[in-house]
Structure formats: C-alpha cells, structure tokens
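To start, the structure itself, in structure tokens.
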Amino acid sequence: MAGGGFCTLPNGSVVVAITLPSPKGGAAPGTPVRVLVHAANRPRALTRLRNAGLSAVYLRGNAEPPTPDEITAVLHHPDGLLWRARPERAQELWHPIRALLRPAQPVPAHGTA
C-alpha cells in the first residue's frame, strides 16, 4: 500500500508526496520511491501522476506529508514532478519523473553497430 500525504501552500496550490514500489525503469526493483508533484489541487496532482504513467495512484489520508526540503525541491524544479529512492539518502539527488518511467535500454554488444 502506498503511503503519502499533501501540504497546501499559502497560494492555494498543493504538493503531494507518495511512496510507491519502484516501477520498471529508474530505480532498483523492489526499492520504494518517493514521488513529489506540485499542482493546483490534489485531484490535479493525482491526474498529473496518472498521465505520467503511474496509473493506479491514490492518496488516502495524510500519513506521510512532504517535508519542507521536499516542498522546496519540487517548487524549484521546472516540471514540478520528481522522485528519488527511499529511504532517502543524503547524497542522492531528486530525479525528473522521466528517469523513473523510461524503459530499460538494452546495452549493445561490444563491437556491433
């Protein structure tokens, strides 16, 4: 079950943070990821996640709201949609959502073109 929460900003917009199992692609399989999204309201934030490829995302409750550092990170990113592996490691940076959802690229054999 995904954990998450939201925070309403003074201008009325919201930042939603959700912890999900890692989809195929950016993070190691089985490693939970923390996804952040900034939007005008909670339904729009969840719609942004679904449109990005995370189709079965729901926010039930406010058990794990975004931290002030997470809010700052998502507000300063041009897409307003970020992720990083969890548990958060201080040395890991936030990644754009494209890096999480892109399919794994096969590595060509050496010497073939």
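Atom-to-atom distance recorded for L81:CG and R48:CZ is 5.0 Å, nearest 0.5 angstrom. Put simply, CD1 on I18 and CG on L46 are 5.5 Å apart, with the number rounded to the nearest 0.5 Å. Here the straight-line distance linking atom CH2 of W83 with atom OG1 of T19 works out to 13.0 Å at 0.5 Å rounding. Separating the CG atom in L49 from the CG atom in L20 is a distance of 7.5 Å, to the nearest 0.5 Å.
At least one side-chain heavy atom of L75 sits under 4.5 Å from a side-chain heavy atom of H38. A 4.5 Å side-chain heavy-atom check between P66 and C7 finds at least one atom pair inside the cut-off. Side chains of W94 and H76 form no contact here, defined as non-hydrogen atoms less than 4.5 Å apart.
Residue V37 comes nearest to A45 through the heavy atom pair CG1-CB, 3.7 Å, listed as atom of the first residue, atom of the second, then distance. Closest heavy-atom contact between A39 and R44: CB-C, 4.0 Å. Listed here is the closest heavy atom pair of A17 and L36: CB-CD2, 3.4 Å. Closest approach of E70 to P65, counting heavy atoms only: OE1-O, 4.3 Å.
Taking the side chain to side chain contact (heavy atoms under 4.5 Å, CB included) definition, one finds that R42 meets it with F6, V14, V16, L59, sequence neighbours left out. Under the rule for a side chain to side chain contact (heavy atoms under 4.5 Å, CB included), the partners of N11 that lie at least two apart in sequence or sit in another chain are L9, S13.
Contacts classified as salt bridge (Lys or Arg N to Asp or Glu O under 4.0 Å) and involving residues 71-81 (residues at least two apart or in different chains) are given here: D79-R98.
A distance-only check finds a donor-acceptor pair linking the side chain of R50 to the backbone of V57 [under 3.5 Å].
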